[in-house]
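A quick write-up on the structure given underneath.
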Amino acid sequence: MIYGTPNLVKTARGDVSAKFVIFAGNAYLAPELEPRLSRKSMPCGSQIVTTDPLSADQALALLPDNYCVEDCNYLLDYFRLTADNRLLYGGGVIYGAREPQDIAALIRPKLLKTFPQLQNVKLSHGWSGNFLLTLSRMPQLGRLDKQVYYIQGDSGHGVTFTHLAGKLVAETLRGDAERFDAFARLPHLPFPGGRRFKVPLTAVGAAWYALRDRLGV
Ligand SMILES: Cc1cc2nc3c(=O)[nH]c(=O)nc-3n(C[C@H](O)[C@H](O)[C@H](O)COP(=O)(O)OP(=O)(O)OC[C@H]3O[C@@H](n4cnc5c(N)ncnc54)[C@H](O)[C@@H]3O)c2cc1C
């Protein structure tokens, strides 16, 4: 990537000249592509499983009003029913976004703690995905150069915030950066420990909060 006017984006299949460049690769952006972004964020993994389809009565007994639920722990679990009455259950955080060997072994105990009545229900699917964490848990919006913008680090809450972030960037490209700059002014702190130690240090900190979750304090 060569910043200037216009910017020159070098890709495996050729170069693209672009008036504006927006980095929105989030947890999947290769860290070496723009180290200024990777320095202040951390990819994390979260895992989800689904059960085999439940009977209508079983499903109704689990979530009578068919709500989507997330618990209020620091390391939270989230779950809902699917249209075909499977329980979809996710939870846990893997700092550094390492892919777990056995997703079911990781999530099933959490699922059974919430719904022990599903002891004999089989899991049908399991998958993993990455989100991008920031130290403050606030999203990071900003500029790397005059016409080069970034949006990243919704810290697990991007389903709602990304809609606003897209609008803010669109407004900025049209010449009105007032709302974008309100977010861009938020401080973007680097994780302590640098590239080498930020993952273990964050995991240790999170273990403390997980202990508080378990003790209910
Ligand atoms: C298992 C799981 C559960 C979640 N649950 C919730 C939830 O309940 N509520 C909630 O609000 N949020 C949740 N999140 C977080 C939410 O999914 C993210 O915050 C949101 O997807 C971030 O959107 P984004 O567009 O910034 O990044 P993404 O959705 O990750 O999109 C980034 C895109 O950029 C692409 N990309 C990366 N690098 C390049 C490149 N060099 N060139 C081209 N393309 C590239 C990637 O392939 C990807 O398609 C969850 C995340 C996971 C993994």
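When a ligand or atom number is given, it counts from 1 through the structure's own listing order. Position 1 is the first residue of the sequence, and the numbers go up from there. Below, each value reflects all heavy atoms present in this structure, side chains not excepted, and no hydrogens, waters or symmetry copies.
Inter-residue side-chain proximity for P187 and S136 is flagged as unmet; no heavy-atom pair is nearer than 4.5 Å. Annotation: side chain of I22 is in contact with side chain of L173 (closest heavy-atom distance under 4.5 Å). With a 4.5 Å cut-off on side-chain heavy atoms, L123 and L111 count as touching.
Counting heavy atoms closer than 4.0 Å to ligand 1, residue Y78 contributes side-chain atoms (C-beta onward) but none from N, CA, C or O. Residue-level proximity to ligand 1 for L132 is absent, since no heavy atom of it falls below 4.0 angstrom. Only the backbone of A24 comes within 4.0 Å of ligand 1, judged by heavy-atom distances. Residue contacts with ligand 1 for V159 involve both N, CA, C or O and side-chain atoms from C-beta outward (heavy atoms, distance under 4.0 Å).
Summary of contacts: the protein heavy atom closest to atom 26 (O) of ligand 1 is N26 CG, 3.4 Å. Among protein heavy atoms, the minimum distance from atom 41 (N) of ligand 1 is reached at L33 CD2, 3.9 Å. The protein heavy-atom contact nearest to atom 23 (O) of ligand 1 is T162 CG2, 3.4 Å. Scanning all protein heavy atoms for the shortest distance to atom 16 (C) of ligand 1 gives G158 N, 4.1 Å. Protein heavy atom in closest approach to atom 6 (C) of ligand 1: G156 O, 3.8 Å. Nearest to atom 39 (C) of ligand 1 among the protein's heavy atoms is L29 CD1, 4.5 Å. Ranking the protein heavy atoms by distance from atom 51 (C) of ligand 1 puts F131 CB, 4.1 Å first. If you check which protein heavy atom lies closest to atom 35 (C) of ligand 1, you get G25 CA, 4.3 Å.
Checking atom 9 (N) of ligand 1 against the protein gives a heavy-atom contact under 4.0 Å. Within the 4.0 angstrom cut-off, atom 12 (N) of ligand 1 has one or more protein heavy-atom neighbours. Distances from atom 37 (C) of ligand 1 to the protein include at least one heavy-atom value under 4.0 Å. When distances from atom 48 (C) of ligand 1 to the protein are checked, no heavy atom turns up under 4.0 Å. Remark: atom 30 (O) of ligand 1 lies closer than 4.0 Å to at least one protein heavy atom. Protein heavy atoms all stay at least 4.0 Å away from atom 44 (N) of ligand 1.
For Q140 (side chain) and K40 (main-chain N/O), a donor-acceptor pair under 3.5 Å exists by modelled atom type. Checking side-chain atoms of D84 against main-chain N and O of P53 turns up no donor-acceptor pair under 3.5 Å. No donor-acceptor distance shorter than 3.5 angstrom exists from the side chain of T50 to the backbone of S124, with no hydrogens or angles considered.
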**Prompt:** Can you list the steps and then say if F161 with L141 is a side-chain contact (heavy atoms from CB on, under 4.5 Å)?
**Reply:** CA-CA 11 Å; F161 184 75; L141 278 68; 3.7 Å; yes
**Stepwise side-chain contact (heavy atoms from CB on, under 4.5 Å) check, R143 with T172** = CA-CA 11 Å; R143 293 172 184 76; T172 305; 4.2 Å; yes
**Message:** Would N85 and Q58 count as a side-chain contact (heavy atoms from CB on, under 4.5 Å) here? Give the steps.
**Reply:** CA-CA 9 Å; N85 278 342; Q58 258 180 323; over 6 Å; no
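For ligand 1, the atoms lying closer than 4.0 Å to a non-hydrogen atom of Y28 are 30 (O), 37 (C), 38 (N), 46 (C). Heavy-atom proximity to G129, at under 4.0 Å, picks out these atoms of ligand 1: 53 (C). Per-residue contacts place D154 under 4.0 angstrom from the following atoms of ligand 1 (heavy atoms of the residue considered): 19 (O), 22 (C), 26 (O).
Residues passing the salt bridge (charged side-chain N to carboxylate O under 4.0 Å, His left out) test with K122, sequence neighbours excluded: none.
Taking the six-membered ring for Trp and thresholds of 30 and 60 degrees, F115 and F79 have ring planes more than 60 degrees apart, a perpendicular arrangement.
Between A30 and ligand 1, no N or O atom pair is found at a separation short of 3.5 Å.
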